[in-house]
Structure formats: structure tokens, C-alpha cells
Undergrad: 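Got a structure here, written out as C-alpha cells. Questions coming.
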Amino acid sequence: MSQPDTSGPARSTTAETAAPAREPLPNSVKAGPISHAIFRVARLHRMLAGQLLRRVGLHPSQELVMMQLWERGPQRQTDLVRMLGSDAATMTRTIQRLENAGFVRRRPSTTDKRATIVEPTAASNALRQEVEQVWQDMENSVAENLTDEQQTEAIEVLRRIEDSLARATTQTD
């Protein structure tokens, strides 16, 4: 039995055509190849998250709010801002969209008249398992070609990068 000819250009697989081409870095980003790599990875990760979350009616970052509410129960909106590293305006828009979709409800705090409490609805509780599956699917896509040791190393490197960036954002001139 003869083997198929794989020497020609018709040999492209779905994975090869879906993967971005590894073009040389533009001269303008050669001073920051790690930053450029982080940008590319973050963009692709967010794109995948958007595709997967669309199945359950959410947009990227909305699932993070829902995860906090499912895990910790009703929260002050200001606490969600702090826990998720967001800003107040972005969190307000996110909560409004989740409320319009029927996934959260807002109510005034009984102890602090300035605070708004955000709580998950029964409709959102029905999504929890699907969102957890989306996160598992994303994790599988991210780590599919990494050994357990490489995954541990990647998490450590990313933690150190995060720490460095956090320090840089808090430094004053």
C-alpha cells in the first residue's frame, strides 16, 4: 500500500491553517518581545473565550463576575471591582448587561445606603456548570501541548510577570 504524498502544499491541516503565521517581529516591537508575545496570547485567549462564552450567552469577563457571585454569594459592587481588578465604570456596565440578561439582580444594601448589592439569579445558577465547562475547554486549549511540568513553570512565570506589572503600576514618578 502506498503512502500519501505529503510533500506538496495541499498537506495543510485545520490546526496548521488556524494557527497564526510566525512572522518576524516588526522593528518597532523588537525592544519588547515578551510584551508583544503577551499581547498576542492575550488577544487569542480573549477571542477563544468570546467564542466559547457565546454558547452560554455571556461575553468575556462577565463569567468572572458570575464566578465570584456563585462562589461567594451576593457582593457589594465595589467589592467586585476590587476582587476582579476592574474599574467602577466597567463594572457598572458589566453588571447592567448581566442584569438585562437576567443573570444578576441589584438591590440597595440594608447596612450601607451608598452600596449596591449584586446577587446571582436562578437563571444564572443554571449556567454555572456550562461556564465551568467553558473554562475547562479553554484550559484544555491553552495547555494541550504542555507537559505537567511546563504548565507548572508557565504558571510560575506568569505569576512573576503579574507581580512585576503590579509593582510597575503602583510606582509613582
Side-chain angles (χ1 to χ4, degrees), residues 18 34-172:
I34 293 173
S35 294
H36 192 254
I38 290 169
F39 169 80
R40 291 189 326 267
V41 167
R43 182 181 54 79
L44 288 168
H45 189 270
R46 186 169 179 85
M47 186 184 310
L48 177 61
Q51 292 170 356
L52 295 174
L53 287 166
R54 200 170 302 124
R55 299 187 312 211
V56 297
L58 294 176
H59 296 282
S61 300
Q62 290 178 337
E63 86 281 13
L64 298 173
V65 173
M66 296 312 309
M67 288 173 169
Q68 288 291 329
L69 295 173
W70 291 326
E71 197 68 29
R72 294 192 166 103
Q75 300 284 311
R76 293 183 319 159
Q77 190 165 322
T78 56
D79 292 334
L80 289 168
V81 167
R82 181 182 44 78
M83 283 188 287
L84 295 172
S86 182
D87 61 78
T90 300
M91 185 58 68
T92 297
R93 284 190 305 273
T94 299
I95 297 298
Q96 286 172 341
R97 289 177 181 137
L98 288 168
E99 187 175 39
N100 290 339
F103 297 136
V104 300
R105 86 178 121 258
R106 290 184 287 180
R107 61 178 168 79
S109 170
T110 57
T111 58
D112 182 353
K113 297 301 176 194
R114 300 167 297 168
T116 299
I117 303 297
V118 181
E119 58 189 8
T121 63
S124 80
N125 289 329
L127 287 181
R128 185 174 184 169
Q129 189 173 358
E130 292 178 75
V131 169
E132 289 170 354
Q133 184 60 53
V134 163
W135 266 67
Q136 184 62 58
D137 293 347
M138 284 183 4
E139 188 70 8
N140 291 342
S141 294
V142 167
E144 79 176 317
N145 293 319
L146 300 176
T147 65
D148 289 346
E149 183 179 305
Q150 289 170 325
Q151 290 177 45
T152 300
E153 184 180 344
I155 290 167
E156 175 58 24
V157 168
L158 289 169
R159 186 195 60 74
R160 291 195 321 245
I161 290 170
E162 180 183 13
D163 289 349
S164 294
L165 291 171
R167 276 192 306 278
T169 61
T170 59
Q171 291 176 350
T172 57

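Just so you know, these numbers use all the heavy atoms, side chains as well, and skip hydrogens, waters and symmetry mates.
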Undergrad: Quick check: do Arg128 and Pro120 have side-chain heavy atoms less than 4.5 Å from each other?
TA: no

Undergrad: Rounded to the nearest 0.5 Å, what separation is found between the CD atom of Glu162 and the CZ atom of Arg167?
TA: 11.0 Å

Undergrad: Output the distance between atom CG (Leu64) and atom CG (Leu69), rounded to the nearest 0.5 Å.
TA: 11.0 Å

Undergrad: If the test is side-chain contact (heavy atoms from CB on, under 4.5 Å), which one of Val81, Asp112, Val118 qualifies with Arg76?
TA: Asp112

Undergrad: Set out, in order, the CA-CA distance, both residues' side-chain angles and the distance that settles side-chain contact (heavy atoms from CB on, under 4.5 Å) for Gln77 and Ile95, then state yes or no.
TA: CA-CA 8 Å; Gln77 190 165 322; Ile95 297 298; 4.2 Å; yes

Undergrad: Decide yes or no for Met66 and Leu127: does some side-chain heavy atom of the first lie under 4.5 Å from some side-chain heavy atom of the second?
TA: no

Undergrad: Return the minimal non-hydrogen interatomic distance between Leu146 and Gln151, and the atom names on each side.
TA: O-NE2, 3.2 Å

Undergrad: Are side-chain heavy atoms of Thr94 and Leu80 found at a separation under 4.5 Å?
TA: no

Undergrad: Please test Leu48 against Ser141 for side-chain contact (heavy atoms from CB on, under 4.5 Å), starting from the C-alpha separation and ending with a verdict.
TA: CA-CA 9 Å; Leu48 177 61; Ser141 294; 3.6 Å; yes

Undergrad: Report, as yes or no, whether the 6.0 Å neighbourhood of atom CZ on Arg159 holds more than 12 heavy atoms from other residues, nucleotides or ligands.
TA: yes

Undergrad: Does Glu119, at its CD atom, have more than 12 non-hydrogen atoms belonging to other residues, nucleotides or ligands within less than 6.0 Å?
TA: yes

Undergrad: So Val56 and Phe103, side-chain contact (heavy atoms from CB on, under 4.5 Å) or not? Walk me through it.
TA: CA-CA 11 Å; Val56 297; Phe103 297 136; over 6 Å; no

Undergrad: Run Arg160 and Asp163 through salt bridge (Lys or Arg N to Asp or Glu O under 4.0 Å) and show every step you take.
TA: CA-CA 5 Å; Arg160 291 195 321 245; Asp163 289 349; over 6 Å; no

Undergrad: Identify, with sequence neighbours excluded, every residue that meets side chain to side chain donor-acceptor pair (under 3.5 Å) alongside Gln75.
TA: none

Undergrad: Nearest 0.5 Å, please: how far is CG in Asp137 from CD in Glu132?
TA: 12.0 Å

Undergrad: For residues Glu130 and Arg55, determine if any side-chain heavy atom of one lies less than 4.5 Å from a side-chain heavy atom of the other.
TA: no

Undergrad: How long is the straight-line distance from CD of Glu139 back to CH2 of Trp135, given to the nearest 0.5 Å?
TA: 8.0 Å

Undergrad: Taking the side chain as every heavy atom from C-beta outward, state whether Val65 and Arg97 have any pair of such atoms under 4.5 Å apart.
TA: no

Undergrad: Show, in sequence, the C-alpha distance, side-chain angles and deciding distance for Asn100 and Gln96, and conclude whether the side-chain hydrogen bond (donor to acceptor under 3.5 Å, both in side chains) test is met.
TA: CA-CA 6 Å; Asn100 290 339; Gln96 286 172 341; over 6 Å; no

Undergrad: Does Leu44 reach the side chain of Met47, with side-chain heavy atoms less than 4.5 Å apart?
TA: yes

Undergrad: Where the side chain of Thr121 meets the backbone of Gly102, is there a donor-acceptor pair that is under 3.5 Å apart?
TA: yes

Undergrad: Pro60 and Leu53: which non-hydrogen atoms are nearest, and at how many Å?
TA: CA-CD1, 3.7 Å

Undergrad: Quick check for you: to the nearest 0.5 Å, what is the distance between Asp79 atom CG and Met91 atom CE?
TA: 10.5 Å

Undergrad: Less than 4.5 Å apart, side chain to side chain, heavy atoms only: is that true for Ser61 and Arg46?
TA: yes

Undergrad: Walk me through it: do Leu52 and Met138 pass the test side-chain contact (heavy atoms from CB on, under 4.5 Å)?
TA: CA-CA 8 Å; Leu52 295 174; Met138 284 183 4; 3.3 Å; yes

